[in-house]
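One structure, pasted below without further comment.
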Amino acid sequence: MIPFQPPSPDPFAPPNPSPIMACINFQGLILLLLPHILAVLSIDAAFAPEDIFLINCGGNETVTSADGRAFRPDIAGHDSTFVLSPISHNVVQVSSSDVYGSARIFRGATEYRFNFKRKGRHLLRLHFYPFKNPLYDMKTAVFSIKADEYTLLHNFSCSKLELGKSVLSKEYIIYAGLVLPITITPSNGSIAFVNAIEVMSVPNDLLPSVASPVPSGPAVKISPRIGFMTAYRINVGGLVLDPRNDSFWRVWGNDQPFLVILGSVHNISTNPKLIRYPSEVPHYIAPNLVYATAQEMADVNVGNQKFNISWVFKVESGYKYLVRLHFCDFLNKSAINPLFNVYINNQFALSSFDISKRVGLLNAYFVDFILDVQMESGRILVKIGPPELMSLPTNAILNGLEIMKLSDSNNNFDATCIEKVVGFEGMKKKKNLAFVIMTCMIGIVLLIFIVVMLLLFIRHRKDEKRLALAWFPSPIVQTTHMDNSETKISALSNVSSGPSLSIGQLLAFSEIREATKNFDEKFVVGIGGFGKVYKGVLENGLVVAVKRGNPRSQQGLVEFRTEIEMLSKLRHRHLVSLVGYCHEANEMVLVYEYMAGGPLRKHLYGSGLPALSWKQRLEICIGAAKGLHYLHTGAAETIIHRDVKTTNILLDENLTAKVADFGLSKMGPTLDQTHVSTAVKGSFGYLDPEYFRRQQLTEKSDVYSFGVVLLEVICARPAINPALPRDQVNIVEWAMNWQKRGQLEQIIDPHLAGAVSLDSLRKYGGTAEKCLAEHGSDRPSMGDVLWNLEYALQLQETFSSIVGDPSSSNSIQDLPEWISEVEILQHEHDATDVSVSTVFSQLMDPKGR
Ligand SMILES: *[C@@H]1O[C@H](CO)[C@@H](O)[C@H](O)[C@H]1NC(C)=O
Ligand SMILES: *[C@@H]1O[C@H](CO)[C@@H](O)[C@H](O)[C@H]1NC(C)=O
Ligand SMILES: *[C@@H]1O[C@H](CO)[C@@H](O)[C@H](O)[C@H]1NC(C)=O
Ligand SMILES: *[C@@H]1O[C@H](CO)[C@@H](O)[C@H](O)[C@H]1NC(C)=O
């Protein structure tokens, strides 16, 4: 790092470090630069940068941007403070009403040169809007941009612009002398373009000169010549702030897209006018709107309130990042202050942070950390949560968050530059030659091995398929009465010759459309995350459930593939089977066997269906447990369902239980994967508290959820019922209270009164209790659960043979026709059954904290 010599006329030098250091420096400064300081403090409210250039590239006239600022054209050349050379007359214009209405096009290297009034930190914003025009293909343009010696963009292109986004803006804060040349260079054969440029001076102390490293160590010095590129700037728990609300027209986004579990937070706010800025936190650090909103820990109703709130941000690996956290204390609290920890990438950043003491009521406060993002991780994970060993009131708060990428030692912001440098290292190559040869040889040996294994595997698969065929068709053939030789039955026609799928077969979209009468709304039986579910009848007479995906969702495509792959590998009497699928013309459709009895939940409460006997309930639980046991242990790798609940256990016409919707499960999510899908996985009330806290999924999370199902089956009430008194809202808390006192019989479904063997009930209650153990390692496996339930059934049968089962006639063989069609739809909209996030907002809001 180059040691920084503050140029003498610089009014802000030296840049102020973290708030504590800032305090000391500030006192020294006041003596030296009292007039300057006073001037700065007095203009805080409406900050006026000394240097400011707002350039409308390729435009004819001055235009006003959406935030009300005037951008002047880039040629007019009224003054000598800013020059474009050589002048490129290639421009494209769509409308001149705002800065995105025009762009200047470059065929060769071109320079925008800015003359400044002062040296020091300057903010730079580049805007790109690759609009459609007949002259130039801006979307595929590849070019590089340098600002003085900083490489801002290298072989950059807008072609990878995120879906739904049309404008790309890049923001940097760099050190500049009195002249700043910005050079734009198209790559070979390409053009370059830019729509607008903003350049303005910012106080040097906007960014720190020292920061605490994570993991912790001695404070790290940050040379003033280090450049920063904005990666994320978040107004946690608040609205998106438009540029007008910020001293430097910075945009502050919302934190929701980055939350790992949406339901873990509760937003709070105070009047922004009440926020105080102590002397070490200048007004321009962040607007009061940022400090006036925050996320705190939601009351998650999972018994143990100790968990972390986590946000995850994708970043480019191999760089250092500055993470700035903003805090303001306006928590409602009891006499004792909550302390909390802040972790960045699972390392302590702040330990037992006492916000009331450190920050002071309604004061603005920020703290900077610096960290290396290692090659393999590519993410920054920020967590806040209570210390584990203390029994204090648990709460944690965060108001704002900024993540900035630091330029590397070559002043690069772009990793592609680094790769090139590494590639030219001749020395390393020689050394590695022997290594390369060895790797090749190992590779060849491995390849041969894999080919041999593959051949063996294919042979094995063929045998397996024959077996599967012999075993599988029973349910379908029984119901269809079709001649197997007919190729019309696409559901079965390819079973023996299908290349990769042994069961679910490719169906023509036309066939599916016919089966559902062109997706008639009348046949909708449910709406899931993936899309609508229709009841349909295939040409061969087979009644099926048709799940039609939303073709526009990229996520949907991944889940669609997963589900087909999973379902084709899994085959079990207690898992709902896939009949076929269709992926053509932007359509993704999954076709399952139709489950006439609908979801288990309907048979427990809320639908007016006849009550199930205790024996039937036990048999259903045993069936579902067998399905889950198979998921956990039957396949080559453990499959975790992730969303076990009474609406995902379906019953067929004989009340045989089958587990559904497991195709979307697969292995535990890592935080690197789309956290969005993690956020919606799992339903409120069934969520394993350990998973909630650690975001680490094991099959024991399914065991927990199954424990909740067991309680729901015996008590005949929803897992969460917000309408009940506080202590009864959560079935786990409530029922476990009675179970621990040995009085579970007090709260069982009244329909079961007198017909349940107490021994059987004790066994059952004990099993549920074990499933619901706080720690996954204390919970039984699904195999153990199964064994215990079968034992409970035996106890019940012994009891019935003596007493006689009064409810044995209570069979549900004859379901009213309407049930399966209307009821399923209805339950999907039940407040207690939607994804965690929705419920939290409904549950948390009225109560307040
Ligand atoms: C900008 O100026 C050029 C040449 O002077 C002219 O052809 C063009 O129509 C102008 N565009 C707008 C939007 O006024
Ligand atoms: C705050 O929470 C409520 C409901 O919980 C939600 O509707 C609102 O959008 C949230 N506000 C922000 C800014 O996230
Ligand atoms: C931001 O500023 C604009 C204009 O000054 C104002 O209309 C808007 O309400 C502000 N945003 C918020 C969230 O207060
Ligand atoms: C919060 O996250 C940290 C870091 O990963 C972890 O050590 C800690 O146990 C978590 N706290 C809780 C309550 O799970």
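The analysis underlying the following values was restricted to heavy atoms, covering all of them including side chains, and did not include hydrogens, waters or symmetry mates. Remember, it's 1-based here, ligands and their atoms both numbered in the order they're listed. None of these values were measured; they are calculated from a predicted model.
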(message) Applying ring pair (Phe, Tyr, Trp, His ring centres under 6.0 Å), can you list everything that pairs with F313, at least two apart in sequence or on another chain?
(response) Y232, F258

(message) What I want to check is whether the side chains of N288 and K273 have a donor and an acceptor closer together than 3.5 Å.
(response) no

(request) Have a look at ligand 2 and work out which part of N254, if any, has a heavy atom under 4.0 Å from it: side chain, backbone, both or neither. (result)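 Near ligand 2, N254 shows its side chain, while the N, CA, C and O stay back.
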
Present, as a list of atom pairs with distances to 0.1 Å, all nitrogen or oxygen contacts under 3.5 Å between ligand 4 and the protein.
residue, atom, partner, partner atom, Å
ligand 4, 2 (O), N308, ND2, 2.2
ligand 4, 2 (O), K383, NZ, 3.3
ligand 4, 5 (O), N346, OD1, 2.7
ligand 4, 5 (O), K383, NZ, 3.0
ligand 4, 9 (O), E388, OE1, 2.6
ligand 4, 11 (N), N308, ND2, 2.9

(message) So, using side chain to side chain donor-acceptor pair (under 3.5 Å) as the criterion, who are the partners of D67 when residues are at least two apart?
(response) S65, R69

(request) Could you list the atoms of ligand 2 found under 4.0 angstrom from a heavy atom of N267? (result) 1 (C), 2 (O), 3 (C), 8 (C), 10 (C), 11 (N), 12 (C), 14 (O)

(message) If the test is salt bridge (charged side-chain N to carboxylate O under 4.0 Å, His left out), which one of R642, R779, K700 qualifies with D688?
(response) R779

(message) Pairing donors with acceptors under 3.5 angstrom, does anything connect the side chains of N267 and T293?
(response) no

(request) Please step through salt bridge (Lys or Arg N to Asp or Glu O under 4.0 Å) for the pair E171 and R250, ending with a clear verdict. (result) CA-CA 9 Å; E171 185 182 287; R250 296 171 298 185; 5.8 Å; no

(message) For H632, give me all partners under ring pair (Phe, Tyr, Trp, His ring centres under 6.0 Å), at least two apart in sequence or on another chain.
(response) none

